[in-house]
Every structure is written in structure tokens, then in C-alpha cells.
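Below is one structure, written out as C-alpha cells; the observations come after it.
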Amino acid sequence: MTGISTFFRLLLLTSFMPGLVPQDTVFNVELVHRDSPKSPLYNSSMTPFDRMQAAVVRSVNRASYLDKRIDMKTSDDIELGLKSYDDGEFLMRFTMGTPDLQYVWGIVDTGSDLNWVNCVGCQCFNKTATLFDPNASLSYKKLSCSSDECRSFSLGRCNDDQMCQYHAAYGDGSNIDGIFSSETFSFISLDTKQFTFIPNMVFGCNFRSLNTKTNDPGSFIGLGPNSPSLMYQLAPKYISKYFSYCLGILDEGVTSRLFLGRNNQTVIGKMTVTPLMTQDDFYVVQLNAISIPDEFDIFPTGRSKLSAGNIIFDSGTVMTMLDTQVVEQLVRKLTDYISLPTVKTSQLNLCFNVLSTEQEELLPGLWFSFAGTLGNFRVSPENLFRWYSRQVKCMVIVGTNGVQIFGNVMQQDVLIGHDLNKMELTIIEKKCTEL
């Protein structure tokens, strides 16, 4: 009887096996901001000003986390502790399993290499998250501790059943346990609404995820450059070693997009190109100067915790974090340049009282000069100053004594590309609605 059952199980699984994926595939996936009504993390009781102030706190906490990772010279010991800081700004929806598709929301992070999902039966701190049921899928497989995937996974160890198990515990009381596994993932095209199925995707299936401080949607997707991130598994087998994103402005209801892979279509727009480096799973570039042409130039100090480049390009940090000495210079220069009264706040370095559209137009953009022959990128006034409260707009740059981070607000409504073959970061001034 068992043999017959196994035969029909294999037959059924074979009938649902996805077809071959063309090598030049591009996944065009919708990204959803955590504060969007579409998001499982949406809190309807928060005002836009509440969300802005909460984003500042998340940015400072995330920067502290990145500092710790770099100080430790490895991401392995605290990789999974990322979620204990309640960060993660953009989410994607995808499906897992066959033949029935199980929809999952996952936080997308360019600074992480691990994909994980809370599974049915998990002792999870978030009781409202959607859980993946491995028993309902014919394509789910636990990975043994003798598998190549487990051997290359730094957190993997053998449990009593000889399966690849991982564990991480942290000083704040959070801990995660799970089984390293593989499953068929499918991604939904934003334009065509078609599914593309990818078999044997490696991920962590959590059976314990305890932390009483924060909430998450129950899944995490890493876009870092190393194994076993989503990009590492997809490229170059299914897609080119390239991904890009356009982060829509939440207040304007603009859809954000993630493109995994690159097709032959050329995107027209002013382009900034700068060498791309990696360190501890982060994407790093070299920032040489900040300026308003013919007004002032500020040159970042030489000190940096990074061994390559001096600033992380990060999708998961809201605010831009620059060295305190740089921010102090910038505050002085902009205060002299902008003829508006300043307002003191407890969280941000430079805020102005803005009472009219005419006054708002006095707020300038800033030029960021990166290494490379095409390294000048203008951050628009809309991306440099955001409403902090009624009639108060603040610069979205915060001082830090740790690692510098180019945050996602200053990346919004332009196309940010990561070419992992040429090791180049590109910024194309093309609005998300035009892609």
C-alpha cells in the first residue's frame, strides 16, 4: 500500500512540475511598503507623521544592527537577529508549494542572504502571520545534514534525525530554530499576472520564532550577494546576475517594483554609474562629495568601518545615515542657504517651518558625487525633505558615529540597479510610473 501511495504521490507531483524557465527571464514583482494599506503590517491608527517618526527610530536601530555585524566581521552570529529590530520597509508576495499554491508575504532586504518562512506548528511571536504548511505540499523537502546545501550553510548542524537544523539566540531574548529545506517558489508578474515556478529553492522553515517586541509578516527574503540568498540561487541559472528596483513614493500611491534579472530593453534616463563592492553581505559604494553646485562642497571624512567603499546602499533603512561631522557641516551650509525658519525636533538634525507651496519650493536638492566617471546623482528636494509634522519639513539625513548608509527615501522614484557581473551600481532617473 505504501508503495502505491508513493507512486501516486510522485505521479501527481510530476504532473504539477513547472516547465523550464528561459535563461533571460525577468521577474517583475510588486513591492509593497510596510505602511501601505496592502501590507500585512499596516496600522490604520497611525497618521503619516506617526509613520515618519517611527521610520526614524527604525533607521537608527537598523544602523546600530549593521554596525554590530561589521564590528563582528561576520554576519553568521546575528544574521537572524535582524528581525528583532522591527525593520524591513518593503515586502513582496509570492507563493510556495505544489499543487496548491500557498501565498506568503516576505520582507525584502538587500543586506541579508537568508530566506526563511515561519511554518505551521511554529512557536511564533507573531500569531497573525501567514504560515507555510509543508505537509500540504508535494514538493517540500527537508535537507539532510550531509547535503551540499547544509555543508555550505554556516548555521547548519545535524539534529537527531540527521536533518539540517539551525539555531540562533540573541541578547535581546529572541531566538529562531528551523529546518533548512527546499521547495518550489513561484513569483507573480506585476504586468501579466502570470506565475513563474522555480523548483528546489533553499530556505529556512522555522518551527520556533520567539520575540515579544516586534511583529513581522512571517517570512524574510534576502537579496544579498552570497549563498543562499534569492539572487544567489536564481542567478545565473535562471536570470542574469542583475536586479533593480524602483521604490514608489507611498504618499502618492505609486507602485514599487522589483526586477530580478535584466532583459534587452534599454531604459532611457540620466544615468549615474559607480563601482559596486560587497562587504558582510552589504552592497557598498564610494561617496566622494556632497554639494549644491556653485554654493558649497562637503567631503566625507576618511574614517570608515568599511574596508571597501564608505557607504552602504540599503533598501531596508529609511533615513540616510552620514558621519556626524559631515551632517554638522551640511546643517550649517543648508541653514545659511535656505531662507526659512528652522524648527527643533528631538529626532532629526535639520527641520524648517514651511507654511506655503512657495516656501516649500525654497527647499533644494543635493548632489551626491560617487566614484566613477558618471558618479553624480542629484537627490530631489522631494526625496531630501519630508513632512515630519504639520507645517514642518525635515531633512532625511541623520548623523552617526558608525557605518554610513544611503537610505531608501533618497532612492525613491528612480531605478536602482545592481550589476553583479560588472560590479556596478546604476541609478537611472526614471519614474516608477514610466517603467
Side-chain angles (χ1 to χ4, degrees), residues 31 33-36 48-49 51-56 58-59 62-63 89-90 110 244-258 267 269-272 274 285 287 289-293 295 298 311-322 326-327 330-331 333-334 337-338 340 345 347-352 354 357 359-370 375-389 392-399 404-417 425-435:
L31 293 179
H33 193 278
R34 63 177 297 133
D35 291 329
S36 165
F49 310 127
R51 296 184 182 111
M52 176 63 175
Q53 293 167 30
V56 176
R58 289 197 303 272
S59 295
R62 179 170 171 86
E89 298 299 315
F90 289 88
T110 55
S244 59
Y245 52 77
C246 194
L247 306 178
I249 298 174
L250 178 64
D251 295 341
E252 298 178 6
V254 177
T255 299
S256 300
R257 294 169 178 259
L258 170 66
V267 178
K270 183 181 182 302
M271 181 183 295
T272 298
T274 187
V285 298
L287 174 64
I290 304 168
S291 65
I292 292 180
E295 293 293 336
I298 297 173
I311 189 166
I312 294 171
F313 240 79
D314 186 40
S315 67
T317 306
V318 182
M319 316 302 284
T320 290
M321 316 290 291
L322 297 180
V326 173
V327 173
L330 191 55
V331 168
K333 296 291 187 181
L334 288 175
Y337 180 78
I338 300 169
L340 289 173
T345 69
Q347 293 179 309
L348 295 172
N349 299 90
L350 183 60
C351 299
F352 294 97
V354 180
T357 302
Q359 289 186 339
E360 190 175 5
E361 291 174 352
L362 296 176
L363 299 175
L366 274 181
W367 287 90
F368 283 72
S369 299
F370 298 102
N376 296 322
F377 169 58
R378 180 179 181 268
V379 175
S380 69
E382 295 77 18
N383 284 359
L384 183 62
F385 294 93
R386 288 293 171 90
W387 292 107
Y388 182 79
S389 62
V392 175
K393 265 202 160 183
C394 295
M395 182 177 67
V396 296
I397 299 176
V398 178
Q404 299 189 120
I405 305 169
F406 200 92
N408 65 46
V409 171
M410 296 206 324
Q411 300 178 48
Q412 289 185 5
D413 217 20
V414 293
L415 185 64
I416 309 292
L425 184 135
T426 60
I427 308 172
I428 302 177
E429 297 181 22
K430 190 78 169 180
K431 292 187 175 296
C432 298
T433 55
E434 299 172 344
L435 295 173

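Positions are given from 1, in the same order as the sequence printed here.
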List the residues meeting salt bridge (Lys or Arg N to Asp or Glu O under 4.0 Å) with E295, not counting sequence neighbours, and say none if there are none.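 None.
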Could you walk me through whether V392 and F49 satisfy the side chain to side chain contact (heavy atoms under 4.5 Å, CB included) test, starting with their C-alpha distance in whole Å, then the side-chain angles of each, then the deciding distance to 0.1 Å, before giving a yes or no? CA-CA 10 Å; V392 175; F49 310 127; over 6 Å; no
Approximate separation, where rounding is to 0.5 Å, of [X] [atom1] and [Y] [atom2]:
{"X": "L258", "Y": "S244", "atom1": "CG", "atom2": "OG", "answer": "7.5 Å"}
{"X": "E89", "Y": "L31", "atom1": "CD", "atom2": "CG", "answer": "12.0 Å"}
{"X": "Y337", "Y": "L363", "atom1": "OH", "atom2": "CG", "answer": "10.5 Å"}
{"X": "I427", "Y": "F370", "atom1": "CD1", "atom2": "CZ", "answer": "5.0 Å"}
{"X": "I290", "Y": "K333", "atom1": "CD1", "atom2": "NZ", "answer": "12.5 Å"}
{"X": "T345", "Y": "L350", "atom1": "OG1", "atom2": "CG", "answer": "9.0 Å"}

So which atom in G248 and which in S256 form the shortest heavy-atom distance, rounded to 0.1 Å?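 Heavy-atom minimum between the residues: N-OG, 2.7 Å.
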pair [X]-[Y]: side-chain heavy atoms closer than 4.5 Å:
{"X": "C351", "Y": "F385", "result": "no"}
{"X": "F368", "Y": "L287", "result": "yes"}
{"X": "I312", "Y": "M321", "result": "no"}
{"X": "L330", "Y": "N349", "result": "no"}
{"X": "V327", "Y": "V398", "result": "no"}
{"X": "H33", "Y": "R51", "result": "no"}
{"X": "I397", "Y": "V326", "result": "no"}
{"X": "L334", "Y": "P364", "result": "yes"}

When you measure from the side chain of S59 to the backbone N and O of V318, does any donor-acceptor pair fall under 3.5 Å?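 Between the backbone of V318 and the side chain of S59 there is a qualifying donor-acceptor contact (under 3.5 Å).
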Measure from the side-chain N and O atoms of Q53 to the backbone N and O of Y388, and report whether any donor-acceptor pair falls under 3.5 Å.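 Yes, because the side chain of Q53 sits within donor-acceptor range (under 3.5 Å) of the backbone of Y388.
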Identify, with sequence neighbours excluded, every residue that meets side-chain contact (heavy atoms from CB on, under 4.5 Å) alongside K430.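 Listed in chain order: V267, I428, E434, L435.
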Listed by chain and number, what are the side-chain contact (heavy atoms from CB on, under 4.5 Å) partners of S380, not counting sequence neighbours?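 Testing S380 for side-chain contact (heavy atoms from CB on, under 4.5 Å), a comparison that skips the adjacent residues, returns R378, E382, N383.
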Does T272 form a side chain to side chain contact (heavy atoms under 4.5 Å, CB included) with N376? I'd like the steps, not just the answer. CA-CA 6 Å; T272 298; N376 296 322; 5.6 Å; no
Can you name the side-chain hydrogen bond (donor to acceptor under 3.5 Å, both in side chains) partners of K270, sequence neighbours left out?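 By the side-chain hydrogen bond (donor to acceptor under 3.5 Å, both in side chains) rule, K270 matches no residue at all.
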Quick one: list whatever passes side-chain hydrogen bond (donor to acceptor under 3.5 Å, both in side chains) with E429, sequence neighbours left out.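 Per chain and number, E429 pairs via side-chain hydrogen bond (donor to acceptor under 3.5 Å, both in side chains) with no residue.
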Set out, in order, the CA-CA distance, both residues' side-chain angles and the distance that settles side chain to side chain contact (heavy atoms under 4.5 Å, CB included) for M52 and M319, then state yes or no. CA-CA 10 Å; M52 176 63 175; M319 316 302 284; 4.0 Å; yes
Could you tabulate the donor-acceptor pairs under 3.5 Å formed by side-chain atoms of residues 405-417, not counting sequence neighbours?
unit_1 : atom_1 : unit_2 : atom_2 : d
N408   : ND2    : S315   : O      : 2.9
N408   : ND2    : T317   : O      : 3.2
Q411   : OE1    : Y245   : OH     : 2.6
Q411   : NE2    : D314   : O      : 3.0
Q411   : NE2    : F406   : O      : 3.0
Q411   : NE2    : G407   : O      : 3.3
Q412   : OE1    : R386   : NH2    : 3.0
D413   : OD1    : C432   : N      : 2.9
D413   : OD2    : K431   : NZ     : 3.3

